Undergrad: 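To start, I am sharing the structure in question, which I have written as structure tokens.
In what follows, chains are A, B, ... by sequence order, proteins preceding strands, each numbered from 1. A quick note: this is a predicted structure, and the numbers were derived from the prediction, not measured.
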Amino acid sequence: MTQKVAITAQNVVKAFGQGAAAVRALDDVSVDIATGEFFTLLGPSGCGKTTLLRLIAGFEMPTAGKILIDGADVTEMPPNRRPVNTVFQSYALFPHLTVAENIGFGLKMQGRPKAEVAATTTEMLALVKLDAMADRKISQLSGGQQQRVALARALAPRPKVLLLDEPLSALDLKLRKKMQVELKRLQTETGITFVFVTHDQEEALTMSDRIAVMSAGKIQQIGAPREIYTRPVNRFVASFVGETNFLPVTATPQGARLSTGDVIAAEGEGSVLIVRPEQLRLGPAGVGAGLAAKVTGVVYFGTDIHVNLSLADGTALTARVPSPVDGGADFATGQDVAVTFQPGAARLIRE
Amino acid sequence: MSPAEQSQRSRSTRNGWLLSAPALTLLFLAASGPLLIVLVYSFLTPGQYGNVVWDFSLDGWIGILFTRDIFDGTMNLADAHLTIFWRSVKLSLMTTALTFALGFPTAWFIATRPPAQRAMWLFLITIPFWTNLLIRTFAINEVIRNEGLMNTVLTGLGLISEPIRLINTDTAVFIGMAYVYLPLMVLPLFAAIDRFDMKLLEAGYDLYASRMQVLRHVIVPIVKPGIVAGSILVFVPSLGAYVTPRVLGGGKNMMIGNFIELQFGQGRNWPLGAALSMALLLIVMAALLVYVRASTKGSNPHG
Ligand SMILES: Nc1ncnc2c1ncn2[C@@H]1O[C@H](COP(=O)(O)OP(=O)(O)OP(=O)(O)O)[C@@H](O)[C@H]1O
Ligand SMILES: [Mg+2]
């Protein structure tokens with residue numbers, strides 16, 4: 001990597017508990033997060049996202065391995081000396097302080113002059129558009145406003161890295177979309193490195209520069225959103241990020257041979273062929289090339305429909321096609337169709 | 001709210017008052033009756049056998065601070081009384097401070113135990129309440145008196161050659177009161193700390209606060225209601241303490257409570273006793289007002 005590295009985790013292991021009852025929340029995790037990057041940790045519940053974030057913040061010590069911030073080993077450094085701030089999932093705002101006092105807290109604890117604390121607080125209030133609420137108590141704010149206070153409070157001391165643990169999960173869908181845009185704006189404006197935790201793959205894909213997909217304490221794949229989506233390295237990543245059809249295949253010199261005997265050209269290597277539902281095309285049966293399939297069900301999704309299919313040997317497959325508009329092509333259960341793959345859509349992965 | 005709903009509501013409020021009227025009346029009479037009697041007595045003249053004579057007099061109130069010279073009849077400041085007042089206030093403040101210093105870590109410890117263990121710890125804290133105050137105080141006496149447990153053990157171990165003279169000193173009273181009132185500090189502190197969101201500690205550390213700063217700027221302001229409640233619960237009974245100074249302080253190291261008792265007993269000066277009681281009440285009320293005012297006003301002025 002040519003860019004400067006903000007955070008490095010080196011072979012980090014974190015085990016909770018002793019002996020046989022020990023849980024390996026993180027199992028040999030190594031990652032470099034570049035300065036100024038919007039980096040996302042994505043994974044299902046319990047995969048160790050929060051644990052990794054807490055190790056970076058300094059609330060936990062790794063069982064083994066090292067954490068570096070800007071190249072300096074901080075593994076032993078207490079959280080109050082790390083140039084890192086956290087936006088907690090539950091916000092953890094101080095109930096006895098006003099909005100402005102919450103935002104100024106970090107600077108005050110650092111012993112910055114009063115004028116500077118006041119100036120930065122004002123600036124931060126404007127940044128998160130809470131100018132009018134400076135003197136309110138936290139209990140007088142809505143969830144979305146509290147979220148923004150938490151953000152401003154963590155940004156005010158200008159940390160090198162901002163850690164965000166599912167900061168949007170408590171918000172309703174609409175507010176969430178709005179905050180996603182705002183978060184991205186704040187990150188671009190401040191240039192601060194963001195490490196963002198989420199279990200929402202769509203959120204991860206839309207916001208991140210790079211994503212680390214985690215499962216069971218391990219990082220499965222690190223890459224840009226497009227790369228993760230189009231070239232998942234294994235079955236877990238393929239199924240967790242977006243929807244995927246998995247077809248067992250055998251490799252032949254001509255290409256991958258499906259259980260139906262059809263041979264398909266596919267990149268990569270392995271015994272499983274993956275193809276995204278939106279990369280399948282459905283045509284009339286018996287015309288031109290394509291796999292013979294029967295429609296087993298149609299689910300309406302507004303902009304598009306999901307057509308459940310069954311290949312000749314019973315292998316199930318789902319295709320996502322545009323919704324039929326005013327008498328356009330529709331599909332009925334029991335109908336015979338020919339399934340074609342978009343060029344380059346099919347990929348092979350290892351099990 | 002529609003007018004119909006409003007009248008409905010005011011009717012149910014009125015019914016509520018009517019229903020609780022008998023209880024309120026009883027409470028009011030029970031609380032104010034004895035006080036009124038004391039108030040009236042404080043303006044009467046002492047009788048010869050410890051009763052009162054129904055002649056109006058301010059001597060009771062004057063006697064709080066002044067004594068009349070028995071030879072020439074001049075009024076002098078009653079130093080002995082002032083000493084007693086000062087000792088009472090000082091020992092009560094010290095007791096409050098010590099119970100806080102001991103009670104805060106204790107309450108914190110209990111509140112951070114797993115929920116299953118907490119009940120057990122709270123239960124242990126309340127065990128002293130099972131026996132009567134007098135017995136508990138005598139138990140302390142047994143420990144600290146010159147031939148008591150502490151001195152026997154220390155002399156036996158050869159750590160001291162002379163017994164430590166604690167009994168019948170202010171220190172003995174102080175230790176005794178702190179012991180007796182400690183649970184009254186721990187329980188409200190526990191209630192406040194139990195409600196404290198421990199994630200705020202991490203938020204504090206994350207925002208560059210040291211341990212001391214987290215204590216000062218996060219924990220203390222948030223658990224302050226518990227601190228206020230505990231301090232009041234300890235300070236008020238300490239100020240009026242009677243049994244502990246009597247048993248551990250001997251006859252000489254009197255506190256206001258003992259002094260009042262003296263007036264109703266051997267002193268045979270009921271009006272002075274009554275006036276002292278009212279004065280104690282006023283001191284307590286003033287102390288509470290100052291304390292509550294100080295602790296509830298904007299904890300952290302802006303900027
Ligand atoms: N303090 C702890 N003591 C014991 N086990 C823990 C502790 N903290 C986390 N774990 C375990 O470590 C694993 C990873 O937890 P972690 O909180 O990092 O998951 P997560 O990816 O953040 O999940 P979620 O999306 O639900 O927040 C889980 O199995 C969890 O039970
Ligand atoms: Mg988590």
Undergrad: For the atom pair CG (Leu207(B)) and CD1 (Ile103(A)), what is the distance rounded to the nearest 0.5 Å?
TA: 11.5 Å
Undergrad: Counting only heavy atoms not in Arg113(B), do more than 12 fall under 6.0 Å of its CZ?
TA: yes
Undergrad: If you count heavy atoms of other groups shown closer than 6.0 angstrom to CH2 of Trp108(B), is the number above 12?
TA: yes
Undergrad: Side chains of Phe59(A) and Leu201(B): does their closest heavy-atom pair fall under 4.5 Å?
TA: no
Undergrad: Is it the side chain or the backbone of Pro83(A) that comes within 4.5 Å of chain B heavy atoms, both, or neither?
TA: backbone
Undergrad: As an exercise: rank Asn85(A), Val117(A), Thr121(A) by heavy-atom pairs under 4.5 Å with chain B and give me the winner.
TA: Asn85(A)
Undergrad: Which heavy atom of Ala92(A) sits nearest a heavy atom of Ala203(B), and at what distance?
TA: O-CB, 3.6 Å
Undergrad: Heavy atoms, side chains only, cut-off 4.5 Å: are Lys199(B) and Tyr91(A) in contact?
TA: no
Undergrad: So Phe88(A) and Leu200(B), side chain to side chain contact (heavy atoms under 4.5 Å, CB included) or not? Walk me through it.
TA: CA-CA 10 Å; Phe88(A) 295 87; Leu200(B) 297 179; over 6 Å; no
Undergrad: If you tally heavy-atom pairs under 4.5 Å against chain B, which of Gly106(A), Gly104(A), Ala57(A) wins?
TA: Gly106(A)
Undergrad: Got a sec: does the CZ of Arg185(A) have more than 12 other heavy atoms crowding it under 6.0 Å?
TA: yes
Undergrad: Could you look at Leu107(A) and say if it's the side chain, the backbone, both or neither that has a heavy atom under 4.5 Å from chain B?
TA: neither
Undergrad: In the structure I gave you, are the side-chain heavy atoms of Phe196(B) and Pro95(A) within less than 4.5 Å of one another anywhere?
TA: no
Undergrad: Please say whether more than 12 non-hydrogen atoms of neighbouring residues, nucleotides or ligands are located less than 6.0 Å from NZ in Lys160(A).
TA: no
Undergrad: What verdict does the side chain to side chain contact (heavy atoms under 4.5 Å, CB included) test give for Asp206(B) and Asn80(A), after you've listed the backbone C-alpha separation in whole Å, the side-chain angles of each residue and the deciding distance to 0.1 Å?
TA: CA-CA 5 Å; Asp206(B) 190 61; Asn80(A) 54 328; over 6 Å; no
Undergrad: Can you confirm whether more than 12 heavy atoms, excluding those of Met285(B), are under 6.0 Å from its CE atom?
TA: no
Undergrad: Non-hydrogen atoms of chain B under 4.5 Å away: do they reach the side chain of Arg54(A), the backbone, both or neither?
TA: side chain
Undergrad: Atom CD of residue position Gln117(B) - does it have more than 12 heavy atoms of other residues, nucleotides or ligands inside 6.0 Å?
TA: yes
Undergrad: For Val220(B), does its backbone N or O pair with a side-chain atom of His96(A) as donor and acceptor, under 3.5 Å?
TA: no
Undergrad: Less than 4.5 Å apart, any side-chain heavy atom of Pro157(A) and any of Tyr208(B)?
TA: yes
Undergrad: Surrounding CD of Glu76(A) (heavy atoms of other residues, nucleotides or ligands, distance under 6.0 Å), is the total greater than 12?
TA: no
Undergrad: Inspect the surroundings of CE in Met212(B) and state if more than 12 heavy atoms from other residues, nucleotides or ligands are less than 6.0 Å away.
TA: no
